Structure formats: structure tokens, C-alpha cells
**Student:** 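Take a look at the following structure, please.
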Amino acid sequence: MFGKGFPQLLSISLKSYYRNRQAVFFGFFFPLVFMGIFGLLNFGGGGKLDIGIVDQAHNATSQAYVQAIGSVKAVTVHAGSESAEKAQLQAGRRDLVLVIPSAFGQGAAQAPPVTMTAYLNKANPSASGTAEIIAEKVATGFSFQAAHVQPAYSIQTRELAGHTTTYTDTLIPGIIGFSIMQTGIFSLAFGLVRLRDAGVLRRLLATPMRITDFMAAQVVSRLMMGVIQILLLLGVGFALFHFNMKGNLLQFVLVATFGSTVFIALGFIIAGASKNEDSVPAIANIATIPMMFTSGVFFSRDVLPGWLATVSSFFPLTYLIDSLRNISVQGQNIIDVRVEILGITVWLAITVFLATRLFKPEARS
């Protein structure tokens with residue numbers, strides 16, 4: 001598959017990577033700085049409460065009640081079936097699940113109170129308790145409105161065994177995805193443009209070396225560095241932030257490594273589109289900054305405007321981070337994240353196609 005010169009080319013590529021201070025900084029230290037800032041200060045600690053609503057009444061009164069809960073700024077309402085919402089709670093994605101019975105809003109005067117059932121996440125009593133208080137206050141308001149024409153509304157609570165997810169549990173997969181993107185794009189684009197403009201690639205083509213071996217060495221060296229990055233960031237997460245990996249660690253690393261191939265291909269594209277080394281940062285930032293802030297690296301994409309959340313859901317970094325979070329936070333496996341993997345695969349096909357046509361070993365005029 002590889003020529004005889006591939007091991008030497010791989011060794012040279014690895015050495016040149018470590019000698020490139022920019023690549024080492026952006027690939028290793030830059031993500032660690034972000035992890036430290038966001039992890040230690042816990043910028044995500046004041047997130048919204050997730051309340052699942054199971055509306056079995058489906059009438060004007062129940063809809064008004066759901067809207068009243070949703071109007072609370074600290075709450076995000078999710079609608080679904082009882083089994084689905086309870087499963088979400090047990091997976092740690094809901095703080096409370098409220099079941100509105102079919103009798104809600106249909107009782108006659110002087111009828112006994114209609115009782116709603118609130119399922120609490122036993123693993124996160126603080127958030128569940130706050131969500132319960134909000135649901136009870138809204139229910140109290142509806143009871144006062146119906147003081148003379150029953151029904152009044154009450155809530156009974158039940159606890160379910162669930163999971164609790166901290167901000168750092170969601171942050172670390174995002175930082176890992178971010179570092180993979182930085183390494184794949186910046187280190188490769190800078191290195192290739194430097195070699196191309198110095199005429200090194202053109203001279204190499206005059207030797208018996210196969211250009212495919214050279215390119216393969218660049219790809220494999222970045223994949224190796226990517227695995228080291230992933231393990232380093234995971235180690236820091238485990239040691240300093242008590243990162244809770246619910247899924248399989250090997251599958252997490254495999255998906256992350258596969259995702260890095262897209263950004264390596266993007267590095268080839270940016271190198272091909274850059275006239276010189278000075279133009280690399282501008283082109284690379286055009287590609288990376290939108291993904292950095294809209295793909296959910298630091299915060300949930302739920303805070304984005306609807307249209308922007310829809311657009312960003314198709315970004316390669318979004319597919320990668322979502323798959324990593326589903327494995328680490330939700331405990332899913334590779335089969336469960338097949339949609340995200342398919343998205344990464346489509347992006348890989350697109351970027352490889354463009355890379356083979358844009359990148360040329362000769363210097364651009």
C-alpha cells in the first residue's frame with residue numbers, strides 16, 4: 001500500500017509538526033486554555049431547566065398551562081409521550097417530566113382537584129426541585145383563576161433513577177472536537193503552504209518518492225497527533241474536572257479520529273486556496289470561526305436563533321461534537337450515532353473531492 005520511503009516521510013512529518021510552534025500551541029495548549037477557562041469558571045452553570053410535558057388533555061386549558069410554563073425564562077419545554085419523556089429524564093436530559101391528565105380543564109364545579117404527576121430526576125434533586133416549584137406555582141395560578149368554578153390543580157411527585165450531567169461533561173467533548181478541527185486545518189495548511197512556497201514539494205516530485213506517500217504521511221501524522229490530543233484532553237478532564245464518560249472510551253476515540261479526517265481534508269483545501277503562508281490564517285478562520293461559535297463547542301446550540309441552529313446542524317464540527325457527546329454523556333454506541341457518522345462521511349467525501357482538485361504541489365502564481 002505504502003512505498004518504501006513512507007516510514008521516513010512519516011518520521012519527517014512528525015518531527016516537522018513538533019518543530020512548528022504554532023501547530024503545537026493551537027493543537028495542544030490552546031484547547032487546554034479554553035478547557036481551563038470554561039471548566040473552572042463553569043460558564044454553563046446557569047443553564048435552563050428542561051421540563052418534559054406529556055399533555056394527555058389536549059384542550060385549551062392544558063395548552064394555556066403549557067404555554068405559561070414555557071413563558072418562564074429559566075425553562076425549556078419539551079413535548080412528547082410519557083414513555084419517551086421518562087426515558088429522556090433517566091438519560092439525564094430532563095430535570096422534570098410533568099404528566100397532564102385527560103381530566104385537566106374538564107372538571108365540573110366543586111369537583112375534586114385534578115392531580116398531575118411530576119417525575120423528578122433523583123440524580124439531580126436541586127434542578128428537579130426548582131422545576132417542580134415552577135410547575136406548582138403555575139398550577140396555583142390556574143387554581144386561583146378557577147376558584148369558583150372547579151377544578152383546582154395539584155401535583156404529586158415521583159422520583160425516577162436518572163443521570164446528572166455537569167457543564168464540564170458537555171464541555172469536554174466540545175473542546176476535543178474543537179482541538180481536532182484546529183489541528184487538522186491549521187497545522188496541515190501552514191505546513192503544506194510553507195513547503196510548497198519554498199519549492200520543497202516540487203523538488204520532492206523530481207525524486208523517486210511517490211506524492212501519494214508524502215500525502216499519506218501528512219494524513220497519518222495528523223491522525224496520530226489527533227489521538228494524542230484526544231487522550232491528553234480526556235486525561236485532563238478525568239483528573240481535574242471529574243469527567244463522567246458514560247459510553248465506551250474506545251468508541252469515543254474511534255469516532256473522534258474518524259471525524260478528524262474531514263478537517264485534515266479541509267487543511268488540504270485551505271492550503272490549495274492560499275496564495276502564500278500569510279493568507280492561510282484568513283482563509284482558515286473563515287472556515288473555523290463560524291463552526292467554533294455555532295457548533296456547540298462551549299454552549300448548547302439551543303441558545304441559537306432557530307434558523308442559525310438549523311444551518312449549523314449541517315456543519316461537520318456539529319456532527320462530530322454531537323456524536324462525541326451522545327457517546328460520552330448519553331452512553332450511546334456507534335450504532336446509535338450512525339446519523340452523525342453518516343454526516344461526517346458525506347463531508348469527508350466532499351472535502352476529499354475538493355482537496356484533490358484544489359491542492360497542487362507547485363507554488364501558486
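From a predicted model like this one, the values you see are computed outputs, not experimental measurements.
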**Student:** Transitively linked via ILVMFWY side-chain contacts under 4.5 Å: Val346 with Phe315?
**Tutor:**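 Same cluster: Val346 reaches Phe315 through Ile, Leu, Val, Met, Phe, Trp or Tyr contacts under 4.5 Å.
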**Student:** Excluding sequence neighbours, so at least two apart, what forms side-chain hydrogen bond (donor to acceptor under 3.5 Å, both in side chains) with Glu159?
**Tutor:**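 Not a single residue meets the side-chain hydrogen bond (donor to acceptor under 3.5 Å, both in side chains) criterion with Glu159.
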**Student:** With no hydrogens and no angle check, do the side chains of Ser323 and Asn326 hold a donor and an acceptor under 3.5 Å apart?
**Tutor:**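 Per modelled atom types, Ser323 and Asn326 side chains form no pair under 3.5 Å.
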**Student:** Do Gln218 and Leu192 come close enough that some side-chain heavy atom pair is under 4.5 Å?
**Tutor:**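 Yes; the side chains approach each other to less than 4.5 Å.
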**Student:** Give the table of side-chain donor-acceptor pairs shorter than 3.5 Å for residues 248-263, with sequence neighbours excluded, one pair per line with atom names and distance.
**Tutor:**
| unit_1 | atom_1 | unit_2 | atom_2 | d |
| --- | --- | --- | --- | --- |
| Asn248 | OD1 | Leu250 | N | 2.9 |
| Asn248 | OD1 | Gln251 | N | 2.9 |
| Gln251 | OE1 | Ile334 | N | 3.1 |
| Thr257 | OG1 | Val253 | O | 2.8 |
| Ser260 | OG | Thr257 | O | 2.5 |
| Thr261 | OG1 | Phe258 | O | 2.5 |

**Student:** Under a 4.5 Å side-chain heavy-atom rule over Ile, Leu, Val, Met, Phe, Trp and Tyr, are Val339 and Ile344 clustered together?
**Tutor:**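 No, separate clusters.
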**Student:** Restricting to side-chain hydrogen bond (donor to acceptor under 3.5 Å, both in side chains), what partner residues turn up for Ser128, sequence neighbours left out?
**Tutor:**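 Scan of Ser128 (side-chain hydrogen bond (donor to acceptor under 3.5 Å, both in side chains), adjacent residues dropped) gives none.
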**Student:** Between Asp55 and Ser62, which heavy-atom pair has the shortest distance, and what is it?
**Tutor:**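 In this case the closest contact between Asp55 and Ser62 is OD2-OG, 3.0 Å.
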**Student:** What's the spacing between Ile350 CD1 and Leu266 CG if we round to 0.5 Å?
**Tutor:**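 Separation between the atoms: 10.0 Å.
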**Student:** Can you tell me if Ser81 uses its side chain to pair, donor with acceptor, with the backbone of Ala84 under 3.5 Å?
**Tutor:**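 Yes.
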**Student:** What salt bridge (charged side-chain N to carboxylate O under 4.0 Å, His left out) pairs are there with at least one residue in residues 265-274, not counting sequence neighbours?
**Tutor:**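 Applying salt bridge (charged side-chain N to carboxylate O under 4.0 Å, His left out) to every pair that reaches into residues 265-274, excluding sequence neighbours, yields nothing.
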**Student:** To the nearest 0.5 Å, what is the distance between NE2 on His58 and CZ on Phe104?
**Tutor:**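 Those atoms lie 13.0 Å apart.
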**Student:** Could you give the distance from OG1 (Thr157) to CE (Met116), rounded to the nearest 0.5 Å?
**Tutor:**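 Here the interatomic distance stands at 12.5 Å.
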**Student:** To check you understand the geometry: which heavy-atom pair defines the closest contact between Ser312 and Leu304, and what is its length?
**Tutor:**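 Here Ser312 and Leu304 meet closest at OG-CD1, 3.8 Å.
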**Student:** Flag the pair Arg158 / Leu120 as yes when at least one side-chain heavy-atom distance between them is below 4.5 Å, and no otherwise.
**Tutor:**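 Of all side-chain heavy-atom pairs linking Leu120 with Arg158, none is under 4.5 Å.
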**Student:** What is the distance from atom CG of Asp95 to atom NE2 of His78, rounded to the nearest 0.5 Å?
**Tutor:**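 So the gap between those two atoms works out to 8.5 Å.
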**Student:** Please walk me through it: do Phe359 and Ile269 pass side chain to side chain contact (heavy atoms under 4.5 Å, CB included)?
**Tutor:** CA-CA 6 Å; Phe359 181 75; Ile269 293 173; over 6 Å; no
**Student:** Kindly work out whether a path of hydrophobic side-chain contacts (I/L/V/M/F/W/Y, heavy atoms less than 4.5 Å apart) joins Ile133 to Val97.
**Tutor:**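 Different clusters.
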**Student:** List for me each residue that meets salt bridge (charged side-chain N to carboxylate O under 4.0 Å, His left out) alongside Asp322, sequence neighbours excluded, and say none if there are none.
**Tutor:**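 Checked Asp322 against salt bridge (charged side-chain N to carboxylate O under 4.0 Å, His left out); matches are Arg301.
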**Student:** Please identify each residue that fulfils side-chain contact (heavy atoms from CB on, under 4.5 Å) with Glu82, with sequence neighbours left out.
**Tutor:**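 With sequence neighbours excluded, Glu82 shows a side-chain contact (heavy atoms from CB on, under 4.5 Å) to Val54, Gln56, Lys86, Val99, Tyr119, given in chain and number order.
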**Student:** Looking only at atom types and distance, does a side-chain atom of Arg325 sit under 3.5 Å from a main-chain N or O of Asp169, one as donor and one as acceptor?
**Tutor:**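 Pair absent, no side-chain N/O of Arg325 close to backbone of Asp169.
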**Student:** May I ask you to test the Leu98-Ile155 pair for a side-chain heavy-atom distance under 4.5 Å?
**Tutor:**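 Heavy-atom side-chain distance check passes, below 4.5 Å.
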**Student:** Begin with the C-alpha distance, continue with both residues' side-chain angles, and end with the deciding distance and a verdict on side chain to side chain contact (heavy atoms under 4.5 Å, CB included) for Leu317 and Val297.
**Tutor:** CA-CA 9 Å; Leu317 185 59; Val297 174; 3.9 Å; yes
**Student:** Within a strict 4.5 Å, meaning less than it, do heavy atoms of the Ile172 and Ser328 side chains meet?
**Tutor:**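 Contact flag for Ile172/Ser328 side chains = no.
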**Student:** Which pair of heavy atoms, one from Ser274 and one from Val193, lies closest together, and at what distance?
**Tutor:**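 In this case the closest contact between Ser274 and Val193 is CB-CG2, 4.2 Å.
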**Student:** What's the spacing between Ile134 CD1 and Ile51 CD1 if we round to 0.5 Å?
**Tutor:**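 Ile134 atom CD1 to Ile51 atom CD1 measures 5.5 Å (nearest 0.5 Å).
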**Student:** State which residues pass ring pair (Phe, Tyr, Trp, His ring centres under 6.0 Å) with Phe238; sequence neighbours excluded, sorted by chain then number.
**Tutor:**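 Phe238: ring pair (Phe, Tyr, Trp, His ring centres under 6.0 Å) contacts with Phe243.
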**Student:** If I take atom OG1 from residue Thr183 and atom CZ from residue Arg222, how far apart are they, to the nearest 0.5 angstrom?
**Tutor:**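 Reported value, rounded in 0.5 Å steps: 9.0 Å.
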**Student:** Can you list every pair that meets side-chain hydrogen bond (donor to acceptor under 3.5 Å, both in side chains) and has a residue in residues 346-357, with sequence neighbours left out?
**Tutor:**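 Found none.
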**Student:** Identify all side-chain donor-acceptor contacts of residues 281-296 below 3.5 Å with residues at least two apart in sequence or on another chain.
**Tutor:**
| unit_1 | atom_1 | unit_2 | atom_2 | d |
| --- | --- | --- | --- | --- |
| Asn285 | ND2 | Pro281 | O | 3.0 |
| Thr288 | OG1 | Ala284 | O | 3.0 |
| Thr294 | OG1 | Pro290 | O | 2.5 |
| Ser295 | OG | Met291 | O | 3.1 |
| Ser295 | OG | Thr318 | OG1 | 2.9 |

**Student:** Is the closest side-chain heavy-atom distance between Val220 and Met224 below 4.5 Å?
**Tutor:**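 Side chain of Val220 against side chain of Met224, heavy atoms only: contact under 4.5 Å found.
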**Student:** So which atom in Ala68 and which in Val138 form the shortest heavy-atom distance, rounded to 0.1 Å?
**Tutor:**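 Shortest heavy-atom separation between Ala68 and Val138 comes out as CB-CG1, 3.6 Å.
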**Student:** Please give me the minimum heavy-atom distance between Ala189 and Ile270, naming the atom from each residue.
**Tutor:**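 Ala189 and Ile270 have their closest heavy atoms at CB-CG2, 4.0 Å.
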**Student:** Is there a side-chain contact between Asn121 and Leu96, using heavy atoms and a 4.5 Å cut-off?
**Tutor:**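 Not in contact.
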**Student:** Mind checking whether Leu234 and Met245 have side chains closer than 4.5 Å, heavy atoms only?
**Tutor:**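 The answer is yes; the side chains approach within 4.5 Å.
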**Student:** Check salt bridge (charged side-chain N to carboxylate O under 4.0 Å, His left out) between Glu85 and all other residues, then give those that pass, not counting sequence neighbours.
**Tutor:**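 Scan of Glu85 (salt bridge (charged side-chain N to carboxylate O under 4.0 Å, His left out), adjacent residues dropped) gives Arg94.
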**Student:** Checking Gln332 now: which residues fulfil side-chain hydrogen bond (donor to acceptor under 3.5 Å, both in side chains) with it, not counting sequence neighbours?
**Tutor:**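 With sequence neighbours excluded, Gln332 shows a side-chain hydrogen bond (donor to acceptor under 3.5 Å, both in side chains) to no residue whatsoever.
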**Student:** Which word best sums up how the rings of Phe314 and Tyr319 line up, parallel for under 30°, tilted for 30 to 60°, or perpendicular for over 60°?
**Tutor:**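 Because their plane-to-plane angle is over 60°, the rings of Phe314 and Tyr319 count as perpendicular.
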**Student:** Within the structure provided, determine whether Val352 and Phe268 are in side-chain contact (heavy-atom separation under 4.5 Å).
**Tutor:**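 Side-chain contact under 4.5 Å: no.
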**Student:** Kindly write out the residues that satisfy side-chain contact (heavy atoms from CB on, under 4.5 Å) with Val77, not counting sequence neighbours, or none if the list is empty.
**Tutor:**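 Val77 satisfies side-chain contact (heavy atoms from CB on, under 4.5 Å) with Ile53, Val66, Ile69, Val75 once adjacent residues are dropped.
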